Chemist: 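One structure is given below, represented as structure tokens, and several questions about it will come after.
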Amino acid sequence: MTLSEGKVGEIYTVLEVQMEQKNIVRRLEALGILEMTKIQVLNTKRGGAFIIKVRGTRLAVGKSIAQGIIIKEE
């Protein structure tokens with residue numbers, strides 16, 4: 001499942017980041033979104049943005065990026 005399919009309030013584990021643009025993958029890694037990292041979906045916005053909590057920090061990612069983050073339920 002992808003992050004874009006995640007439910008608000010649930011905690012997930014990142015399995016993989018699949019993006020064609022390697023600069024986006026490196027940026028996500030710099031923000032702490034790595035394999036086996038816990039992610040909590042805090043909110044979703046109308047435009048497709050996802051508010052997530054990673055390692056104690058709140059981040060917003062767009063729908064296209066959320067579709068490239070593969071997760072599993074905790």
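Nothing here was measured: the structure is a model prediction, and the numbers come from that model.
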Chemist: How many angstroms lie between CD in Glu10 and CD in Glu73, if you round to the nearest 0.5 Å?
Modeler: 6.5 Å
Chemist: Can you name the nearest heavy-atom pair linking Met1 to Glu5, along with the distance?
Modeler: CA-OE1, 3.3 Å
Chemist: Looking at CZ of Phe50 and CG of Leu42, how far apart are the two atoms once the value is rounded to the nearest 0.5 Å?
Modeler: 12.5 Å
Chemist: Taking all heavy atoms of Ile39 and all of Val14, pick out the closest pair and write down the distance.
Modeler: CD1-CG2, 3.2 Å
Chemist: Okay, side chain of Tyr12, backbone of Thr2: is any donor-acceptor separation there less than 3.5 Å?
Modeler: no
Chemist: So, for Ser4 and Gln67, which heavy atoms are closest and what is the spacing to 0.1 Å?
Modeler: OG-CG, 3.4 Å
Chemist: Is the NZ atom of Lys53 crowded by more than 12 outside heavy atoms at less than 6.0 Å?
Modeler: no
Chemist: Which value, rounded to the nearest 0.5 Å, describes the distance between Glu74 atom CD and Gln40 atom CD?
Modeler: 11.0 Å
Chemist: On a heavy-atom basis, which atom in Ala60 and which in Ile51 lie closest, and how many Å separate them?
Modeler: CB-CD1, 3.7 Å
Chemist: Any side-chain heavy-atom pair from Leu31 and Val54 closer than 4.5 angstrom?
Modeler: no
Chemist: Quick one: do Ile24 and Ile65 satisfy side chain to side chain contact (heavy atoms under 4.5 Å, CB included)? Show the steps, please.
Modeler: CA-CA 8 Å; Ile24 294 176; Ile65 292 175; 4.2 Å; yes
Chemist: Minimum heavy-atom separation for Thr37 to Leu34, with atom names?
Modeler: OG1-O, 2.9 Å
Chemist: Please name the pair of heavy atoms, one in Leu3 and one in Ile71, separated by the smallest distance, quoted to 0.1 Å.
Modeler: CA-CD1, 3.7 Å
Chemist: Give, for atom CE of Met19 and atom CZ of Arg26, the distance between the pair rounded to the nearest 0.5 Å.
Modeler: 12.5 Å
Chemist: Look up atom CD1 in Ile11 and atom CD1 in Ile52, then write down how far apart they are to the nearest 0.5 Å.
Modeler: 13.0 Å
